[in-house]
*Asks:* 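First the structure, then my questions, so here it is.
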Amino acid sequence: MPELPEVETVRQTLRQLVLNKKITDVTVLWDNIIKLPLEPEAFRQELIGQTVQEINRKGKFLILEFDDISMVSHLRMEGKYGVYPAAEPMKKHTHVIFQLDDGTELRYNDVRKFGTMHIFKKGKEINQKPLSLLGPDPFDDSFTADYFYNRLQKTQRTIKAVLLDQSIVAGLGNIYVDETLFRAGVHPERKANLLSRKQVEKVRQAAIETIEEAIQQGGTTIRSYVNSQGQIGMFQQRLFVYGKEEEPCKYCGTPIEKIKVSNRGTHYCRNCQQ
DNA sequence: ATGGTAACCTGCGGGC
DNA sequence: TGCCCGCAGGTTACCA
């Protein structure tokens with residue numbers, strides 16, 4: 001489900017709900033979500049007694065910072081966090097429960113069970129997988145025109161494949177890649193190394209602008225995304241191509257087309273994007 | 001180096 | 001109504 005803007009919105013809402021609360025117990029109902037430590041019981045023991053100090057984000061990962069440890073959490077397609085009174089009945093797809101010291105519970109819900117959680121000693125998470133594999137976020141100072149152009153020069157993959165590659169720029173997924181390329185006027189199947197310096201800069205600016213605008217709108221809700229307070233996003237009102245196949249392009253009226261690129265459903269305007 | 005495919009899972013909508 | 005297929009906001013492993 002979530003790409004950078006949705007994860008950022010979750011971060012902001014979740015922060016209000018759990019900051020300074022202490023974990024008194026943890027229940028893991030689906031073991032495969034826990035990646036580190038390998039044993040769910042060890043994961044539980046690491047967390048008991050820890051207080052939430054801060055919640056950060058890098059790319060599509062949430063980073064829950066405790067006293068001595070950090071928990072790195074990826075929501076993949078359908079993961080959601082919510083805070084509920086302990087007495088509230090469990091939903092169907094709740095897989096990890098963090099009991100808090102004020103009588104509430106932080107619950108992780110994930111229909112497809114794709115999400116992941118890793119625990120590291122505090123401060124070590126940034127140098128280890130999975131965070132160590134990430135490139136800069138789009139609005140980071142290090143995502144410069146030179147950096148991006150040089151990375152694109154090194155590959156013959158399509159620009160869509162490159163924008164989906166989290167090691168080059170972190171946080172864009174299928175929706176924001178399609179929207180970015182529309183705004184930049186670049187065809188998703190163009191080879192990255194054949195784009196002009198000017199086009200690369202247009203793509204970079206479009207990525208930054210799209211992601212920042214989407215954060216401001218609280219993310220995009222297509223099917224199921226809600227933040228940690230159960231609210232939907234508003235950016236779907238500003239989509240130009242994603243999910244718009246056969247609808248007229250908002251700029252030129254040409255029907256939006258849907259093709260496969262990099263094995264992902266890809267939406268674009270054949271007139272506006274060359 | 002890159003592309004295709006399957007895998008990890010569940011649910012939904014369309015076609016028959 | 002029921003069944004089968006393809007599809008879904010992600011990522012990784014493996015095989016051409």
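Protein chains get the first letters and strands the later ones, always in sequence-line order, with residue 1 at the start of each.
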*Asks:* Reckon A:K60 has a side-chain N or O less than 4.0 Å from the OP1 or OP2 of C:dT11?
*Replies:* yes
*Asks:* When you measure from the side chain of A:R76, which nucleotide among B:dT2, C:dG9, C:dG10 comes out closest?
*Replies:* C:dG10
*Asks:* Name the nucleic acid region contacted by A:K258, choosing base, sugar-phosphate or nothing; use a 4.0 angstrom heavy-atom cut-off, strictly under.
*Replies:* sugar-phosphate
*Asks:* Is any side-chain N or O of A:N263 closer than 4.0 Å to OP1 or OP2 of B:dG4?
*Replies:* no
*Asks:* May I have the distance from A:K160 (atom NZ) to B:dG3 (atom C1'), rounded to whole angstrom?
*Replies:*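 Answer to the nearest Å: 15 Å.
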*Asks:* Between B:dT2, C:dG10, C:dA8, which nucleotide has the shortest distance from any of its atoms to the side chain of A:K260?
*Replies:*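 Nearest to the side chain of A:K260 among the choices is C:dA8.
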*Asks:* B:dA6 C1' sits how many Å from A:R264 CZ, rounded?
*Replies:*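 Value for this atom pair: 15 Å.
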*Asks:* From OH of A:Y176 over to P of C:dG10, roughly how many Å is that when rounded to an integer?
*Replies:* 10 Å
*Asks:* When you get a sec, tell me which of C:dT11, C:dA8, B:dC9 is the closest nucleotide to the side chain of A:H74?
*Replies:*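 It is C:dT11.
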*Asks:* Which nucleotide in the set B:dG11, C:dG10, B:dG3 lies at the smallest distance from any side-chain heavy atom of A:E3?
*Replies:* C:dG10
*Asks:* For the pair made of CG in A:L133 and P in C:dG10, what is the distance, rounded to whole Å?
*Replies:*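 These atoms are roughly 17 Å apart.
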*Asks:* Below 4.0 angstrom from OP1 or OP2 of B:dC8, is there any side-chain N or O of A:W30?
*Replies:*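 No, A:W30 has no side-chain N/O under 4.0 Å of OP1/OP2 on B:dC8.
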*Asks:* Using the rule given for salt bridge (Lys or Arg N to Asp or Glu O under 4.0 Å), can you reason through A:E39 versus A:R44, listing the C-alpha separation, both sets of side-chain angles and the distance that settles it, and then say yes or no?
*Replies:* CA-CA 9 Å; A:E39 292 298 324; A:R44 172 172 173 266; over 6 Å; no
*Asks:* For B:dT2, does either OP1 or OP2 sit under 4.0 Å from a side-chain N or O belonging to A:T155?
*Replies:* yes
*Asks:* Taking CG from A:D178 and C1' from C:dG10, how many angstroms apart are they, rounded to a whole number?
*Replies:*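 Interatomic distance, CG of A:D178 to C1' of C:dG10: 15 Å.
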*Asks:* Should C:dT11 form a Watson-Crick or G-U wobble pair with both distances under 3.5 Å, which nucleotide is its partner?
*Replies:*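 Pairing partner: B:dA7.
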*Asks:* In terms of the angle between their ring planes, are A:Y147 and A:F143 parallel, tilted or perpendicular, with boundaries placed at 30° and 60°?
*Replies:* perpendicular
*Asks:* Taking 4.0 angstrom as the limit, do A:R183 and A:E213 come out as a salt bridge?
*Replies:*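 Counted as a salt bridge, because a side-chain N and a carboxylate O are separated by less than 4.0 Å.
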*Asks:* Can you find a donor-acceptor pair, distance only, under 3.5 Å between A:R112 side chain and C:dA8 base?
*Replies:* yes
*Asks:* Does C:dG10 have its OP1 or OP2 closer than 4.0 Å to a side-chain nitrogen or oxygen of A:Q166?
*Replies:* no
*Asks:* Is there a Watson-Crick or G-U wobble partner for C:dC3 with both distances under 3.5 Å, and which nucleotide is it?
*Replies:*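 C:dC3 is paired with B:dG15.
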*Asks:* Suppose you measure atom C1' in B:dG3 against the same atom in C:dG9; what distance do you get, rounded to whole Å?
*Replies:* 22 Å
*Asks:* Which whole number of Å gives the distance between the C1' atom of C:dG6 and that of B:dT5?
*Replies:*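 To the nearest whole Å, 15 Å.
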*Asks:* If we require ring centres under 5.5 Å and near-parallel planes under 30°, does A:F114 stack on B:dC8?
*Replies:*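 By the stated criterion, A:F114 and B:dC8 stack.
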*Asks:* In whole angstroms, how far is the P atom of B:dT10 from the NZ atom of A:K91?
*Replies:*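 One finds 18 Å between P of B:dT10 and NZ of A:K91, rounded.
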*Asks:* I'd like the P distance from B:dA6 over to C:dC5, given in whole Å.
*Replies:*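 13 Å, rounded to whole Å.
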*Asks:* Grab the CG-C1' distance between A:N174 and C:dC7 for me, whole Å please.
*Replies:* 12 Å
*Asks:* Run the ring-centre check on A:Y251 versus A:F240 and record whether the distance is less than 6.0 Å.
*Replies:*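 Ring-ring flag for A:Y251/A:F240: true, centres closer than 6.0 Å.
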*Asks:* Do the charged groups of A:K160 and A:D178 touch, with an N to O distance under 4.0 Å?
*Replies:*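 Yes.
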*Asks:* Suppose you measure atom P in C:dA8 against the same atom in B:dG4; what distance do you get, rounded to whole Å?
*Replies:*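 About 15 Å, rounded to a whole number of Å.
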*Asks:* Tell me, with the steps shown, if A:R197 and A:D146 meet salt bridge (Lys or Arg N to Asp or Glu O under 4.0 Å).
*Replies:* CA-CA 9 Å; A:R197 189 128 198 151; A:D146 280 348; 2.3 Å; yes
*Asks:* Taking only the C1' atom of each, what is the distance from C:dG2 to B:dC9 in whole angstrom?
*Replies:* 22 Å
*Asks:* Would you mind classifying the nucleic acid contact of A:Y242 as base, sugar-phosphate or nothing, using non-hydrogen atoms under 4.0 angstrom?
*Replies:*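 Sugar-phosphate: the residue A:Y242, judged by heavy atoms under 4.0 Å, touches backbone atoms but no base.
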*Asks:* What's A:T220 touching, base or sugar-phosphate or nothing? Going by heavy atoms closer than 4.0 Å.
*Replies:* base
*Asks:* Can you tell whether the side chains of A:E201 and A:K198 come within less than 4.0 Å, N to carboxylate O?
*Replies:* no
*Asks:* Mind checking if A:N32 touches a base, just sugar-phosphate, or nothing, with heavy atoms under 4.0 Å?
*Replies:*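 Sugar-phosphate, no base atom in range.
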*Asks:* Measure the distance from CD1 on A:I168 to C1' on B:dA1 and round it to the nearest whole Å.
*Replies:* 13 Å
*Asks:* Base, sugar-phosphate or nothing for A:K92? Non-hydrogen atoms, less than 4.0 Å.
*Replies:*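 Result for A:K92 = sugar-phosphate.
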*Asks:* What nucleotide, of B:dG11, B:dC9, B:dT5, holds the atom closest to the side chain of A:H93?
*Replies:*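 The answer is B:dG11, which lies nearest to the side chain.
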